[in-house]
Amino acid sequence: RNLKLLEAEFTDSDNKKRLYSYLAETYQYLGNLEQAEYYSRLDISSGVKNVTYASKSYRVLIEILKNDYTKADELKLLLEKAIEEFPILPEFRAEYALLFAEQFNYDSAIDNMEKAIEIAGNYYGIEPTVFDINKIGIANKLIAEWKEISKTKIRISACVITKNEEKNI
């Protein structure tokens with residue numbers, strides 16, 4: 001029902017840009033990630049921001065990109081842009097930390113997660129945040145795990161035997 005209303009308003013609207021974030025979110029909820037991604041990208045590139053929920057399209061697009069490991073570089077750039085545009089929102093910094101951890105860059109992961117926790121502790125904005133006390137607890141556990149992993153030295157060695165050369169070894 002909401003999608004039909006939004007599409008009708010979009011058709012009649014002189015200011016379509018203000019509807020991009022709503023369309024992105026609606027399509028995401030309906031499972032149409034292609035359209036959600038399309039409208040998220042339009043919204044972010046338009047530069048138009050709502051008073052509240054201005055970060056909505058970033059959130060939608062981040063969730064989509066997180067599910068495609070081939071887009072890790074694009075995700076990193078998007079997170080950097082989100083952090084720049086919404087420096088007082090802790091969840092973008094936390095997502096950035098998770099991305100670094102996935103790439104085994106635990107020092108950067110720890111640094112960014114600690115910043116997310118600090119930001120969350122001082123949060124005062126009107127933009128809704130999902131980085132609550134429960135997420136802070138999870139973040140502290142992740143930091144402890146990453147610190148422990150960082151202490152471990154990993155040595156990788158490999159041996160390659162090419163065809164018809166194994167007898168010369």
Subject >> Residue list, salt bridge (charged side-chain N to carboxylate O under 4.0 Å, His left out) with Lys115, at least two apart or on another chain >> reply: Asp111
Subject >> By salt bridge (charged side-chain N to carboxylate O under 4.0 Å, His left out) - contacts of Glu34 (at least two apart) >> reply: none
Subject >> Separation between OH of Tyr27 and OH of Tyr38, rounded to the nearest 0.5 Å >> reply: 10.0 Å
Original post:
Could you state the interatomic distance from OH (Tyr22) to OG (Ser57), rounded to the nearest 0.5 Å?
Top reply: 10.0 Å
**OP:** Using the test side-chain contact (heavy atoms from CB on, under 4.5 Å), find all partners of Ser45 that sit at least two apart in sequence or belong to another chain.
**Re:** none
Subject >> Value rounded to 0.5 Å, distance of CD in Glu148 from CD1 in Ile143 >> reply: 14.0 Å
**OP:** State plainly whether one hydrophobic cluster holds both Val60 and Leu42, where clusters connect Ile, Leu, Val, Met, Phe, Trp and Tyr through side-chain heavy atoms under 4.5 angstrom apart.
**Re:** no
Original post:
Do Thr129 and Ile119 pass the side-chain contact (heavy atoms from CB on, under 4.5 Å) test, and can you show the C-alpha distance, the side-chain angles, and the key distance before you say yes or no?
Top reply: CA-CA 11 Å; Thr129 180; Ile119 292 167; over 6 Å; no
Subject >> side-chain contact (heavy atoms from CB on, under 4.5 Å) partners for Glu145, two or more places apart >> reply: Leu142
Original post:
Are side-chain heavy atoms of Trp146 and Met113 found at a separation under 4.5 Å?
Top reply: yes
Original post:
Are Tyr124 and Phe92 grouped together when hydrophobic residues (ILVMFWY) are joined by side-chain heavy atoms under 4.5 angstrom apart?
Top reply: yes
Original post:
Under 4.5 Å between any side-chain heavy atoms of Lys135 and Glu91, yes or no?
Top reply: no
Original post:
Which residues, ordered by chain and number, are linked to Leu77 in its hydrophobic cluster, where ILVMFWY side chains connect at heavy-atom gaps below 4.5 Å, directly or through other members?
Top reply: none
**OP:** Write down the atom of Ser55, the atom of Glu127, and the distance for their closest heavy-atom approach.
**Re:** OG-OE2, 2.6 Å
Original post:
Side-chain heavy atoms under 4.5 angstrom apart, residues restricted to Ile, Leu, Val, Met, Phe, Trp, Tyr: same cluster for Ile138 and Ile110?
Top reply: yes
**OP:** Might you point out which heavy atoms bring Ala94 and Phe131 nearest each other, and give the distance in Å?
**Re:** CB-CE1, 3.5 Å
Subject >> Path from Tyr39 to Leu30 over hydrophobic side-chain contacts below 4.5 Å >> reply: yes
Subject >> Side-chain (Gln28) to main-chain (Ala36) donor-acceptor, under 3.5 angstrom >> reply: no
Original post:
Hey, what do you get for OG1 (Thr26) to CG (Asn32), rounding to the nearest 0.5 Å?
Top reply: 11.0 Å
**OP:** Check whether any side-chain heavy atom of Tyr53 lies under 4.5 Å from a side-chain heavy atom of Pro128, and answer yes or no.
**Re:** yes
Could you list the donor-acceptor pairs under 3.5 angstrom formed by side chains in residues 81-90, with sequence neighbours left out?
| from | atom 1 | to | atom 2 | distance (Å) |
| --- | --- | --- | --- | --- |
| Glu85 | OE1 | Lys49 | NZ | 2.9 |
| Glu85 | OE2 | Tyr58 | OH | 2.8 |

Original post:
CG/Leu61 to CG/Leu78 distance, rounded to the nearest 0.5 angstrom?
Top reply: 5.0 Å
Original post:
Distance-only, no hydrogens or angles: does the Ser46 side chain make a donor-acceptor pair with backbone N or O of Asp43 under 3.5 Å?
Top reply: yes
Subject >> Contacts of Glu80 that satisfy salt bridge (charged side-chain N to carboxylate O under 4.0 Å, His left out) - sequence neighbours left out >> reply: Lys76
Only distances under 3.5 Å count here; give the side-chain donor-acceptor pairs of residues 62-70 to other protein atoms, sequence neighbours excluded, each with its distance to 0.1 Å.
| from | atom 1 | to | atom 2 | distance (Å) |
| --- | --- | --- | --- | --- |
| Glu63 | OE2 | Lys66 | NZ | 3.0 |
| Lys66 | NZ | Glu95 | OE1 | 3.4 |
| Lys66 | NZ | Glu95 | OE2 | 3.1 |
| Asn67 | ND2 | Glu63 | O | 3.0 |
| Asp68 | OD1 | Thr70 | N | 3.1 |
| Asp68 | OD1 | Thr70 | OG1 | 2.5 |
| Asp68 | OD2 | Thr70 | OG1 | 3.4 |

**OP:** Enter the distance from Arg18:CZ to Leu23:CG here, rounded to the nearest 0.5 Å.
**Re:** 10.5 Å
**OP:** Just jot down the side-chain contact (heavy atoms from CB on, under 4.5 Å) partners of Glu25, sequence neighbours excluded, or say none.
**Re:** Tyr29, Lys56
Original post:
Is Leu3 linked to Leu33 within one hydrophobic cluster, defined over Ile, Leu, Val, Met, Phe, Trp and Tyr using a side-chain heavy-atom separation of less than 4.5 Å?
Top reply: no
**OP:** Would you check if the distance from the ring center of Phe100 to the ring center of Tyr96 is below 6.0 Å?
**Re:** yes
Original post:
Taking only residues two or more places apart in sequence, or in another chain, which ones meet Arg41 in a salt bridge (charged side-chain N to carboxylate O under 4.0 Å, His left out)?
Top reply: Glu37, Glu74
**OP:** Could I get the full list of side chain to side chain donor-acceptor pair (under 3.5 Å) partners for Lys17, not counting sequence neighbours?
**Re:** none
Original post:
Looking at Ala72 and Leu99, what are the two nearest heavy atoms and their distance?
Top reply: O-CD2, 4.1 Å
**OP:** Would you please name every residue forming a side chain to side chain donor-acceptor pair (under 3.5 Å) with Ser40, sequence neighbours left out?
**Re:** none
